[in-house]
Protein chains: 2
Amino acid sequence: MNIQPLLNYISKIVTLTDEEITFLTSQVTYRKYLKGQYILQQGDINKSVCFVVSGCTKMFYVDTDGQEHILMFAVEDWWSSDLGSFISQTPSDFNVQCIEDTECIVFSYNNMEETYAHIPKLERLFRKTIEKAFVASQKRIVRNFSMSAKERYLIFRDSYPEIEQRIPQYMVASYLGITKEFLSKIKSQIALQ
Amino acid sequence: MNIQPLLNYISKIVTLTDEEITFLTSQVTYRKYLKGQYILQQGDINKSVCFVVSGCTKMFYVDTDGQEHILMFAVEDWWSSDLGSFISQTPSDFNVQCIEDTECIVFSYNNMEETYAHIPKLERLFRKTIEKAFVASQKRIVRNFSMSAKERYLIFRDSYPEIEQRIPQYMVASYLGITKEFLSKIKSQIALQ
DNA sequence: AAATGATGTTAATGTAGATTAACATTTTTT
DNA sequence: AAAAAATGTTAATCTACATTAACATCATTT
């Protein structure tokens, strides 16, 4: 099991001792998924938090009309999980599905308390990571309220150019909260300028 | 300075020793604001996180057209802060203003590292608090994408009946991401049923 | 109690983005 | 290389909500 990508990521935020690295290695597992596979399905209880080593996942909600709404993508060095289901161990509102073959390092709910207790630095790391995710989420709410779909698309394109390249356009539309037809219109309009 | 409300809040999540309580008391300050006063203004760097003891605040963004978009309210036992500005010490995107006379217990950025270092349990508390806030924020994004304004209003009303009672309707509209005129229409429509 | 400002309502008109549907293109499977 | 599946485009029509504007009510100040 190669957890080097996770260690590299961690080392940017906190410094672990050799002993802590050994302990961490014993707490996580490695898992490969094929394109199309579900890591989590709406209604199931989420037992794990995945650190993406390679590939890409989408987290989405299927509403009562069967419409899919994408909340986030996760690529290399990102975390992929329905945190709500994880922290309260209640049925998930969301699906997490791989849109490429994906390799993950997995933290299990059962080990989490022990991991935090043994390596408080990791609790710090997760606090900081979630702080950033929360801030990004609030900014997204504001953008959805105060900006047009075109403006939001341009920001997405500029913020995540690598992600836009590797996912189909209808998923970008879903992430932006618009239809694929309207995103198509926006793009042709941008192309004319 | 009476920090009992904060201690009561903390005791629901983690248990502090007497020594830790003494230390915490030395790290925070008490502050009163009048209705209308700003705790934070867009563009300023946020130096503090407030725990609301009494009163009510709103956090909002003023867009380029001068329109106000409310992100959250904070009443008793809630946290009120632009976390993005706080954690990165960069100019704030948001305003925090008191919509009632408000009393707060204030954590200062300068003390925060020391507080976490001295009371790791508080880092745990903040991790959990922010986890919940993040989850709520994600659910709000999904609701904004998948539900009508009427459905969102009904959920707000059922989730925060006390808050709806104490704030003007045009602020509820702003929080929901609609105009006050449209919320008025929704309410009269509900009344007819 | 009059005046002022803040908040709420109603109705007409406008628009960003949804829906539908038909077709075009690209990718994957056989 | 043909067929099938997935993805993307275009255009007509529809709708949820915004905008504007005029007025109504309530709260606060003088």
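Here is the naming used below: chain letters follow the sequence lines, and residue numbers restart at 1 for every chain. Remember, it's a predicted structure, so these values are computed and weren't measured experimentally.
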Please report the interatomic distance CG(A:D44) to OG(A:S85), rounded to the nearest 0.5 Å. 8.5 Å

For nucleotides 20-29 of chain D, list the nitrogen or oxygen atoms of the protein found under 3.5 Å from its nitrogen or oxygen atoms, one pair per line.
none

To the nearest 10 degrees, the angle between the two end axes of the helix from C:dA1-D:dT30 to C:dT30-D:dA1 (five pairs per end) comes to 50°

Quickly, which of B:Y30, B:Y9, B:F107 forms a ring-ring contact (aromatic ring centres under 6.0 Å, His included) with B:F51? Name it, please. B:Y9

I need the CG-C1' distance between A:D65 and C:dT19, as an integer number of Å. 12 Å

Derivation and outcome, side chain to side chain donor-acceptor pair (under 3.5 Å), residues B:T102 and B:T57: CA-CA 7 Å; B:T102 300; B:T57 69; over 6 Å; no

When the aromatic ring centroids of A:F126 and A:W79 are compared, is their separation below 6.0 Å? yes

Relative to the ring of B:F86, is the ring of B:Y109 parallel (under 30°), tilted (30 to 60°) or perpendicular (over 60°)? perpendicular

How long is the line joining CG of B:L176 and C1' of D:dA18, in whole Å? 15 Å

Nearest-Å distance, CD (B:Q67) to P (D:dC17)? 16 Å

Flag if over 12 foreign heavy atoms under 6.0 Å of CG, A:N8: yes

Tell me the interatomic distance from B:M171, atom CE, to C:dG8, atom C1', rounded to whole angstroms. 14 Å

Can A:E113 and B:R124 be counted as an ion pair, charged N to O under 4.0 angstrom? yes

Within this structure, what is the CD-to-P distance between B:E68 and C:dT7, rounded to whole angstrom? 10 Å

Atom pairs, N/O to N/O, protein against nucleotides 14-18 of chain C, distance under 3.5 Å?
{"unit_1": "C:dG17", "atom_1": "OP1", "unit_2": "A:A149", "atom_2": "N", "d": "3.1"}
{"unit_1": "C:dA18", "atom_1": "OP1", "unit_2": "A:G177", "atom_2": "O", "d": "3.4"}
{"unit_1": "C:dA18", "atom_1": "OP2", "unit_2": "A:T179", "atom_2": "N", "d": "3.2"}
{"unit_1": "C:dA18", "atom_1": "OP2", "unit_2": "A:T179", "atom_2": "OG1", "d": "3.1"}

Assess whether a salt bridge exists between B:R127 and B:E131, defined as any Lys/Arg side-chain N lying under 4.0 Å from an Asp/Glu carboxylate O. yes

Phosphate OP1/OP2 of C:dT9 contacted by B:Q169 side-chain N/O (<4.0 Å): yes

Starting from P on C:dT9, measure out to NZ on B:K187 and report it in whole angstrom. 6 Å

Is the charged tip of A:R140 near the ring of A:Y175: under 6.0 Å from the six-membered ring centre and within 45° of its axis? yes

Report the distance from atom OH of A:Y170 to atom P of C:dT25, rounded to the nearest whole Å. 20 Å

Would you check if the side chain of B:S137 reaches a backbone N or O of B:A133 as a donor-acceptor pair within less than 3.5 Å? no

Near A:K121 NZ, under 6.0 Å, is it more than 12 heavy atoms from other residues, nucleotides or ligands? yes

